[in-house]
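What follows is a set of notes on a single structure, which appears directly below.
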There are 2 protein chains.
Amino acid sequence: MWTPRPPANCRDSVACEGCDIRGLALFADLTDADLSLEPAIEDVRLPAGATLYRAGDPGAVIYTVREGLLKLEQYLPDGTRRIVSLLRRGHVVGLEATVFDTYEHTAIALHDARLCRLPIGIINRLSEKLHPQLMKKWHESVLQAHECTRDLATGSARRRIARLFLTLAPPDAGSCRLFGREDVGAVLGVTMETASRAVTDLKKSGAVRETGPNLFERDLAVLERIAAEG
Amino acid sequence: MWTPRPPANCRDSVACEGCDIRGLALFADLTDADLSLEPAIEDVRLPAGATLYRAGDPGAVIYTVREGLLKLEQYLPDGTRRIVSLLRRGHVVGLEATVFDTYEHTAIALHDARLCRLPIGIINRLSEKLHPQLMKKWHESVLQAHECTRDLATGSARRRIARLFLTLAPPDAGSCRLFGREDVGAVLGVTMETASRAVTDLKKSGAVRETGPNLFERDLAVLERIAAEG
DNA sequence: CGGGAGCTTGAGGAGGATCAAATCATGTGG
DNA sequence: CCACATGATTTGATCCTCCTCAAGCTCCCG
């Protein structure tokens, strides 16, 4: 049940100026001059399965996903686990730390991930300049949450997982990495066994082809047909 | 399928200074002096069933719910309707208009509602002073969305509707108003028939007692037991 | 080679979808 | 005031999906 924290040694200082996702990031609007006034942003490497933070932890830092995939999970009173959001490249993790003193979810990497670590001190100091981007990132968080309800918690398991495959990677991406069946179940709101059977089913339908462990080639047309009805 | 727009005559100018939900509202931090510089805020009355705005409409105004209940709905490619959020007193509707040029959802009143109408011009003009409250409201929107996934789209229909009853009104509220079964189904991700049967089931279990049309008295202890595992 | 974790597969039963019909509530016109 | 039309809700019957429990399988690692 317990996943280790990322060891301290997977952090690194990096320069924002040349960041490959600067256009997507919170700091998109800042000038190099703005950035030069701030201490260097740390780069966090988070291996698949590692926990970034837990629900209830005091939140003093937010993150931007550079690479990889993270899940946000919460527990129901009866202990049921539910994944309420999947976060990809460009998404911000832990935004609630800017408003509230603890994190709302447990954030765990589903694929090996790289993140920018942004202490909220910096965010507050630059809040005026960051305002438009902050709002955009909040907006993204809401969109992401609604996507989970709308696409991944509606219809049959077959349809849900077809939609998951469609959102897991951009349409032009050659291949598409999935994750453990237990987690697939927790995103779709079904059991692990149903998730497994649904994946098998998509393979048989020719909607996806497994080219490696949890690595799939997708037939977008077939996936879309299934996602929409059947 | 079509619901009429609110007629223009259900608007009224009101003074924010004495607003009964000012503590909950976006303008909580503003002084009376700040407010006196702004044109009066309009009060919108929205009868149950009426549409506030539709997905794709150009968004030039956001709303605060003073009273009543609203749903945010979206459609899947196949036409399936899904309610992705329920908004109550104090919640903000249409926040995305501050970031994007159109609304993301269709917003419809489930109960008779009263809202403050806030043109985004005002929001932008006061954005600096509003910044902390805006962030709080975004945060609320995210919480609300995650609640929908976590509580209302997980487990059996019986458990889902028990949780719906628990969130529909504060614990100390004497009674609790429900809404049409079609909509109950769209919130829970089940059919209307299943929603109807689940309500009947809760009545038989003594978890709720119908005291009028769609008006219920709740037994919180029983509801919580059912919500957690039954 | 043995063990474990994650994944798949199977059989049976419960729960939800679907289609259809009955009931209830409301409003309208005679 | 009643008869009737309309729409929402409830109930019923049947089928299909998904859950549950259990057993096998595969891959990786010691």
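Note on naming: letters A, B, ... go to the chains in the order of the sequence lines (proteins, then strands), and numbering restarts at 1 for each one.
- A distance-only check finds no donor-acceptor pair linking the side chain of A:Asp112 to the backbone of A:Pro47 [under 3.5 Å].
- Taking the side chain of B:Lys203 as heavy atoms from C-beta on, and the options D:dC18, C:dA17, D:dT10, the nearest nucleotide is D:dT10.
- B:Arg159 has its CZ atom 15 Å from the C1' atom of C:dG16, to the nearest Å.
- Contact annotation: the side chain of B:His105 never approaches that of B:Glu73 to less than 4.5 Å [non-hydrogen atoms, C-beta and beyond].
- Distance CD1 (B:Ile161) to C1' (C:dG16): 14 Å, rounded to an integer number of Å.
- Residue B:Arg117 comes nearest to B:Pro119 through the heavy atom pair O-CD, 3.5 Å, listed as atom of the first residue, atom of the second, then distance.
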Distances for protein N or O near nucleotides 3-7 of chain C N or O, under 3.5 Å:
residue	atom	partner	partner atom	Å
C:dC7	OP2	A:Arg181	N	3.2

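- Looking at A:Arg160, its side chain never comes within 3.5 Å of a backbone N or O of A:Val190 through a donor-acceptor pair.
- Between A:Ser156 and the phosphate of D:dT17, there is no side-chain N or O to OP1/OP2 separation shorter than 4.0 Å.
- Annotation: side chain of A:Leu166 is not in contact with side chain of A:Asp151 (no heavy-atom distance under 4.5 Å).
- The backbone N or O of A:Leu87 sits nowhere less than 3.5 Å from a side-chain atom of A:Arg89 that would complete a donor-acceptor pair.
- Under the 4.5 Å side-chain criterion, counting only non-hydrogen atoms from C-beta, B:Thr167 is not in contact with B:Leu86.
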Dot-bracket for DNA chain C, please, read 5' to 3', with Watson-Crick or G-U wobble pairs under 3.5 Å on both distances, ( ) within the strand, [ ] crossing, | other strand, . unpaired.
|||||||||||.||||||||||||||||||

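- Rounded to whole angstrom, the span from the CG atom of B:Leu188 across to the C1' atom of C:dG15 amounts to 15 Å.
- Of the candidate nucleotides D:dC18, C:dG16, D:dC19, C:dG16 has the atom lying nearest to any side-chain atom of B:Thr194.
- Of all nucleotides listed (C:dG16, D:dC18, C:dT9), C:dT9 comes nearest to the side chain of A:Thr200.
- A donor-acceptor pair under 3.5 Å links the side-chain atoms of B:Arg163 to the main chain of B:Thr154, judged by distance alone.
- Going from atom NZ of A:Lys204 over to atom P of C:dT8 covers 11 Å, rounded to whole Å.
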Distances under 3.5 Å between protein N/O atoms and the N/O atoms of nucleotides 21-27 of chain D, please, pair by pair.
residue	atom	partner	partner atom	Å
D:dC21	N4	A:Glu193	OE2	3.2

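- Taking 4.5 Å as the limit, every side-chain heavy atom of A:Leu95 sits out of range of all side-chain heavy atoms of B:Val142.
- Side-chain contact between B:Arg225 and B:Val222 is present, with at least one heavy-atom pair separated by less than 4.5 Å.
- With rounding to whole Å, B:Leu178 atom CG is found 9 Å from D:dT9 atom P.
- To the nearest angstrom, C1' of D:dT9 lies 14 Å from CG of B:Asp183.
- A salt bridge does not link A:Arg150 to B:Glu104: none of the charged side-chain nitrogens sits closer than 4.0 Å to a carboxylate oxygen.
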